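Have a look at the structure below before the remarks.
No experiment lies behind these values; they were computed from the predicted model shown.
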Amino acid sequence: MSVPAMDSFKTVLRFLTNQKSTIGYSFMALLTIGSERIFSMVSFQCPCNHDQNFAYGITFLLSPAIVLLALGLFINSRLWRLCTGCCLDPFKLCPRGNCLGCVTALTQIISTACIAPIMWLCVALLNGTFYECAVSGLDENVVVDLFCKNKTSACREELARVPCGKTRLSQDENKELLLMLRAQSQILGWSIIIIAAVATLIGTCYKNCRSQVSYLQLTFWKIYMVKEQEKLETFAEEYATKLAERNLKSFFDNKHPEEFPFPNHKAWEEISATYTFTQSEQYYSTLQRYVERADRDFTPEERPVLDSVDGIEMT
């Protein structure tokens, strides 16, 4: 590969790396749209009766959103960093009595996890299939009066069959009711999009306005956190490999294991806590705060052993 081609490749790679959040969200949006279309075309079959329409439609509308929310929380490492061990020590949730920081962290975790569910709801509502089925099965007078105002009594009886197009109503009346249901669904979908966009803008503006550091330092902090996490995974893999080799060598050679420098339990606890940048402590992470402490405890763990989990001792 020629030098200009290599430089172009590096430029493209650098751009993709810098835009990985945007690419991730775009991929998530495409995946959501594709999943919704598959659900609508393959799995979803509205029963078209008063007893089942609402439960069936609302299940297809909300169940994927709930699953996506649970999945978003499950893969959020910050949530596990905050909650791991909190049943044994509730003060881990609010280290140093910083309840506001804990609430802020939980809000950020939940808001991040809500991105995929909101995408699903917006796509599903803009398509309208699930909403049409759910609302057409409601027997509430307000709903029925809204759709069947100034119409024949047959409208009330046939409303649940409108999504299937198998009603005794005229073709024009059936189409009018279907368009009303779809219009409501799309209005609700756009409302969620607008509310989410405005809330995100206000939240971002508020967070930046309340920031104790400048925009460039905040940008540096975000870059540092990404790089620290990448290096932590690399170092953890290397040290885990060395520890495994040392233990296996001791086992097969039938000798006492060699000394292995390993951070003690207290050190792991301190660097695992969540951290918010403040002017009083100008560190970029709990790891930096720990390594720069004057009273840092260098006492290694004598044996890198975990306590028993579910009755199984892990070493």
Side-chain angles (χ1 to χ4, degrees), residues 24-74 111 113-200:
Y25 290 140
S26 301
F27 177 76
M28 189 188 302
L30 292 174
L31 188 62
T32 303
I33 294 172
S35 301
E36 193 278 336
R37 295 307 299 165
I38 293 173
F39 269 89
S40 300
M41 298 173 64
V42 178
S43 302
F44 187 78
Q45 295 291 333
C46 186
C48 292
N49 65 68
H50 287 290
D51 297 330
Q52 298 181 11
N53 273 23
F54 179 76
Y56 190 80
I58 208 70
T59 297
F60 270 81
L61 183 63
L62 296 182
S63 294
I66 295 172
V67 171
L68 288 171
L69 177 61
L71 186 62
L73 292 172
F74 182 77
S111 61
C114 283
I115 293 175
I118 289 176
M119 283 185 179
W120 168 267
L121 287 175
C122 292
V123 171
L125 288 170
L126 289 176
N127 186 36
T129 307
F130 306 144
Y131 180 89
E132 293 164 10
C133 182
V135 175
S136 64
L138 290 174
D139 288 327
E140 298 294 331
N141 290 331
V142 176
V143 176
V144 176
D145 290 342
L146 176 64
F147 291 102
C148 296
K149 185 178 181 181
N150 300 326
K151 289 184 173 62
T152 61
S153 58
C155 175
R156 295 175 176 270
E157 301 173 0
E158 299 295 317
L159 184 60
R161 298 186 181 92
V162 167
C164 299
K166 301 176 181 179
T167 68
R168 292 177 294 173
L169 303 172
S170 65
Q171 186 175 0
D172 291 340
E173 195 170 4
N174 188 90
K175 184 177 180 180
E176 181 184 350
L177 290 171
L178 189 61
L179 288 175
M180 289 178 64
L181 286 167
R182 187 159 300 175
Q184 281 192 356
S185 179
Q186 291 176 346
I187 289 171
L188 185 58
W190 277 111
S191 298
I192 293 176
I193 293 174
I194 293 171
I195 292 171
V198 172
T200 302

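- For Tyr56 and Phe130, the ring centers sit 6.0 Å or farther from each other.
- Note: Leu73 CG to Leu68 CG = 11.0 Å, rounded to the nearest 0.5 Å.
- A donor-acceptor contact shorter than 3.5 Å is absent between the side chain of Ser63 and the backbone of Phe60.
- A donor-acceptor pair is defined here as one N or O able to donate and one able to accept, closer than 3.5 Å; no such pair exists between the side chain of Trp190 and the backbone of Leu126.
- Asn53 contributes a side-chain N or O that, together with a main-chain N or O of Cys48, makes up a donor-acceptor pair within less than 3.5 Å.
- Considering every non-hydrogen atom in both Cys122 and Ile193, the closest pair reads SG-CG1, 3.3 Å.
- As summarised for Cys46 and Cys164, their two SG atoms remain at a distance no smaller than 2.5 angstrom, missing the threshold.
- Not one N or O on the side chain of Ser185 forms a donor-acceptor pair closer than 3.5 Å with the backbone of Leu181.
- Here OG1 of Thr129 is found 11.0 Å from CD of Gln45. Values are rounded to the nearest 0.5 Å.
- If you take NE2 on His50 and CG on Leu138, they are separated by 10.5 Å, rounding to the nearest 0.5 Å.
- Taken to the nearest 0.5 Å, the CG atom of Leu61 stands 10.0 Å off from the CD1 atom of Ile66.
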Does Leu121 form a side chain to side chain contact (heavy atoms under 4.5 Å, CB included) with Leu62? I'd like the steps, not just the answer. CA-CA 8 Å; Leu121 287 175; Leu62 296 182; 3.9 Å; yes
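- Once rounded to the nearest 0.5 Å, the distance linking CD of Gln52 with SG of Cys133 reads 9.5 Å.
- Residue pairs meeting the salt bridge (Lys or Arg N to Asp or Glu O under 4.0 Å) criterion with at least one member in residues 176-189, sequence neighbours excluded, are Glu132-Arg182, Lys151-Glu176.
- A distance of 11.5 Å separates CD1 of Ile115 from CG of Leu69, quoted to the nearest 0.5 Å.
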